[in-house]
Every structure is written in structure tokens, then in C-alpha cells.
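One structure is given below, encoded as C-alpha cells.
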Amino acid sequence: QVQLVESGGGLVQAGGSLRVSCEASGTIFKINAMGWYRQAPGKQRELVVIDSASTKYADSVKGRFIISRNKTKNTVYLQMNDLKATDTAVYYCTAVVQRTSWSPAVSYWGQGTQVTVSS
């Protein structure tokens, strides 16, 4: 099994910044991609950013959010700047993990962390 544990969510005022973290643990041979999705109340889950062969951001966060990874620690971070009320959502970490050299890559998800931006 692979577990993704997130931290760093909270309440922040519009225009402020917040960094959320996600650490993957368990049996891991290789992580092919890590990224973040979010789900606002009453809306579908949407891609925020994915870091794979290349890094792709949603248009709504481009220029404001930055993804980074510590591959030694199997950890991904999302630095969120100039936050807007529309960024309020549950943020989910995801990772595409190959557990052994002979295993297929499988997507895993974190439990989600609440980010609330007040206006």
C-alpha cells in the first residue's frame, strides 16, 4: 500500500499565501508523477497542477501557485500565493506510483486538506 498524508491547510485572507505538503510512504519503487487537485463545494474535482515529464498548471492558478518536490522524501509541496476566495476548496494530493519494478503504475490519493480563503 501507498499512503499520501497532507498537511498545511488552513484559513488565510485573500491576497495571502499558504503552503500545503504531501508525503508519500509505503512500498515505493518509483513515483512517476505527483500533483494536486481541488474540489470546491458543489463543484467537480479539478486539476490544479501535475508534475510528470513536464509541469502543467491549471489556467486559474498559473502564475500564482508553484509546485515543488523533494524526491528524496517523496514529498510534494504546493506554494499558493495571491490567494483568492475562489481558491477555497479541499486540496487533494495525488501520486502515480510504481511499487516494484514489475508492477504497473497506479494512482493514489491523499485524504484532502481544507484551504479556506476569506474575502
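All figures in this text were calculated on a predicted structure; none of them were measured in a lab. FYI, side chains are in, hydrogens and waters are out, and symmetry mates aren't considered; it's all heavy atoms of this structure.
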Can you check whether Thr116 reaches Val12 side chain to side chain, under 4.5 Å on heavy atoms?
-> no
Side-chain heavy atoms of Lys56 within contact of Val49, under 4.5 Å = no
Reference residue Arg64; test side-chain hydrogen bond (donor to acceptor under 3.5 Å, both in side chains); the match among Asn81, Asp82, Asp87 = Asp87
Smallest heavy-atom separation, Met34 atom then Cys22 atom, equals CE-O, 4.4 Å
To the nearest 0.5 Å, tell me how far Ile31 CD1 sits from Ser52 OG.
-> 12.0 Å
Determine the minimum heavy-atom distance between Val76 and Cys93, stating which atoms define it.
-> CG1-SG, 3.7 Å
Check: Glu46 and Arg38 side chains under 4.5 Å, non-hydrogen atoms | yes
Mind checking the CG-OG spacing from Leu83 to Ser119? Nearest 0.5 Å is all I need.
-> 12.5 Å
ILVMFWY cluster, Val61 and Tyr37 together (side-chain gap under 4.5 Å) | no
Apply salt bridge (charged side-chain N to carboxylate O under 4.0 Å, His left out) to Arg69 and list each qualifying residue two or more places apart in sequence or on a separate chain.
-> Asp51
Passes side chain to side chain contact (heavy atoms under 4.5 Å, CB included), Phe65 versus Gln79? Steps please.
-> CA-CA 6 Å; Phe65 290 11; Gln79 177 68 45; over 6 Å; no
Would you check if there is a donor-acceptor pair between the side chains of Tyr77 and Arg19 at a distance under 3.5 Å?
-> no
Taken in chain and number order and not counting sequence neighbours, the residues that satisfy side-chain contact (heavy atoms from CB on, under 4.5 Å) with Glu23 are Thr75
Evaluate the criterion side chain to side chain contact (heavy atoms under 4.5 Å, CB included) for residue pair Val2 and Arg99; output intermediate values, then yes/no.
-> CA-CA 8 Å; Val2 174; Arg99 298 182 67 232; 4.2 Å; yes
Is Ile66 reachable from Val20 through a run of hydrophobic residues whose side-chain heavy atoms are each under 4.5 Å from the next?
-> yes
Please answer whether the main-chain N or O of Val117 pairs with a side-chain N or O of Thr88 as donor and acceptor at a distance below 3.5 Å.
-> yes
Answer yes or no: is there a side-chain heavy-atom contact under 4.5 Å between Tyr57 and Ile67?
-> yes
Okay, side chain of Glu6, backbone of Ser21: is any donor-acceptor separation there less than 3.5 Å?
-> no
So do Val97 and Val106 actually touch side chain to side chain, heavy atoms under 4.5 Å?
-> no
Quick one: are Met80 and Tyr91 in side-chain contact, heavy atoms under 4.5 Å?
-> yes
Spatial distance of atom CD (Gln3) from atom OH (Tyr108) [nearest 0.5 Å] = 9.0 Å
First locate atom CD of Gln98, then atom OG of Ser103, and finally report the distance between them rounded to the nearest 0.5 Å.
-> 6.5 Å
Could you walk me through whether Lys62 and Asp59 pass the salt bridge (charged side-chain N to carboxylate O under 4.0 Å, His left out) test, one step at a time?
-> CA-CA 5 Å; Lys62 195 173 300 181; Asp59 289 341; 3.2 Å; yes
Looking at side-chain heavy atoms only, is the closest gap between Ile50 and Thr55 below 4.5 Å?
-> no
Minimum side-chain heavy-atom gap Trp36-Thr94 below 4.5 Å = no
Looking at CG of Leu47 and OG of Ser60, how far apart are the two atoms once the value is rounded to the nearest 0.5 Å?
-> 9.0 Å
Closest non-hydrogen atom pair between Ala40 and Ala89, with its separation = N-CB, 3.7 Å
